[in-house]
Protein chains: 2
Amino acid sequence: MAVHEREQINLDGPNGIDALFSKRGLRITAPRRLIARVLFESGDHPDAEELYERVKEIDSSISIATVYRTMKLFEEASIVVKRDFGDGRARYEPQTGPQDHHHHMIDIETGEVLEFYHQGLEDLKKQIAKDLGFDLVDHHLELFGVRIKPKN
Amino acid sequence: MAVHEREQINLDGPNGIDALFSKRGLRITAPRRLIARVLFESGDHPDAEELYERVKEIDSSISIATVYRTMKLFEEASIVVKRDFGDGRARYEPQTGPQDHHHHMIDIETGEVLEFYHQGLEDLKKQIAKDLGFDLVDHHLELFGVRIKPKN
DNA sequence: TTACATGCAAAATATTTGCGTAGGA
DNA sequence: TCCTACGCAAATATTTTGCATGTAA
């Protein structure tokens, strides 16, 4: 088990954002390009408001309605993943690959979020679902904890 | 691993709701008693609105603000647990015991929710948190899936 | 050209809060 | 009696939507 490092996608070039949009049948527009770029270059999990602030610094004409609409669109196209860390707002992160199903360890003292991946956990969840009579389509796991203090 | 059966608490008598309130230092009021009773007798995961509707049928004078305030109070007193099934509303269920940490398998076609418990999963999550340098305080796991169709 | 995307503001949804009154300890 | 809880309505926070206009294909 290792802390998960988010795969960095090359946003330009032949496998860049425009190509991704085309592949998913999405119309290429300036707002969508910019919103995707800002989110893909973020290393964290911004909510709609935070994403909107970051985007607005580059193009102040973009509205928050477009951010929400674009997130919903990207989610349906499997370009972004919506997360819920229990604070009443949806947060977003790039979806870098279909098998890249990581989870989150949240420090309840600092709010810090670590991403991790654990194959045994993936296998176990699939097995549990199967035992219950289900094919697993999606799953959410968040761990909340406090850092173990090093002994002096 | 087994489907989890929710422990049914005796709401009256010496270990009933009033005793629970006293034990947690909560003032005993008619609205709190009723809201607790209705939630503890529900076998599902009502959101605030649903809980309010059920309570209103018994005492129509109760307001939804009290339902929200009471849920927050009960949550802090570890009497109820707040759940998030990803539909933008908080849902509530009784907390029947400190070690009674079950999870949810959600049928994305029907909305049906199965509760389950799996000791191996509990152990694995604790171990993962420890490996990441954390003491696990809480965790949320929801599985989303579709029923495996029986072969004809 | 034509359908779809966007900005803006209003609406919808979920939850919280101020205030005056009611009620439990 | 006194402090806290309650009901009500207004406020807040988050997300969605109608409509007129702009823009990609």
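The sequence lines fix the lettering, A, B, ..., with proteins before strands; numbering per chain opens at 1.
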Subject >> B:Val113 side chain near B:Met105 side chain, heavy-atom distance below 4.5 Å >> reply: no
**OP:** May I have the distance from A:Leu51 (atom CG) to D:dT15 (atom P), rounded to whole angstrom?
**Re:** 12 Å
Original post:
If you pin A:Arg32 and B:Ala48 to their nearest nucleotides in DNA chain C, which one's is more 5'?
Top reply: A:Arg32
Original post:
Hey, is NZ on A:Lys126 packed in by over 12 heavy atoms from elsewhere, all under 6.0 Å?
Top reply: no
Original post:
Considering only D:dT15, D:dT17, C:dA25, which nucleotide approaches the side chain of B:Arg27 most closely?
Top reply: C:dA25
**OP:** Could you tell me the separation between the CG atom of A:Asp84 and the P atom of C:dA14, rounded to a whole number of Å?
**Re:** 14 Å
Original post:
Which nucleotide sits closest to the side chain of A:Ala65: D:dT23, D:dG18, C:dA9?
Top reply: C:dA9
Original post:
Roughly how many Å is it from CD1 in B:Ile64 to P in D:dA11, rounded to a whole number?
Top reply: 19 Å
Original post:
B:Asp47 pairs by salt bridge (Lys or Arg N to Asp or Glu O under 4.0 Å) with which of B:Arg89, B:Arg54, B:Lys82?
Top reply: B:Arg89
Original post:
Taking CG from B:Leu73 and C1' from C:dT17, how many angstroms apart are they, rounded to a whole number?
Top reply: 16 Å
**OP:** Verify the contact: side-chain N or O of B:Thr66 to OP1 or OP2 of D:dA5, cut-off strictly under 4.0 Å; return yes or no.
**Re:** no
**OP:** Give B:Ala30 one of three labels, base, sugar-phosphate or nothing, depending on what nucleic acid heavy atoms sit under 4.0 Å from its own.
**Re:** nothing
Original post:
What heavy-atom pair brings A:Arg6 and A:Ser42 nearest, and what distance separates the two atoms?
Top reply: NH1-O, 3.2 Å
**OP:** Starting from P on C:dA12, measure out to CZ on A:Arg69 and report it in whole angstrom.
**Re:** 16 Å
Subject >> Below 4.0 Å: OP1/OP2 of C:dT6 and any side-chain N or O of A:Thr29 >> reply: yes
**OP:** Report the distance from atom CZ of A:Arg33 to atom P of D:dA24, rounded to the nearest whole Å.
**Re:** 9 Å
**OP:** Go through the steps for A:Glu50 and A:Tyr52 under the test side-chain hydrogen bond (donor to acceptor under 3.5 Å, both in side chains), then give the verdict.
**Re:** CA-CA 5 Å; A:Glu50 286 163 349; A:Tyr52 171 59; over 6 Å; no
Subject >> Between D:dG22 (P) and A:Ile62 (CD1): distance, integer Å >> reply: 17 Å
Original post:
Starting at the 5' end of DNA chain C and moving along, which residue's nearest nucleotide shows up first, A:Ser63 or B:Lys72?
Top reply: A:Ser63
**OP:** State whether A:Tyr68 places a side-chain N or O below 4.0 Å from either non-bridging phosphate oxygen (OP1 or OP2) of D:dT15.
**Re:** yes
**OP:** Mind calculating the distance between CD1 (B:Ile28) and C1' (C:dA22) to the nearest angstrom?
**Re:** 18 Å
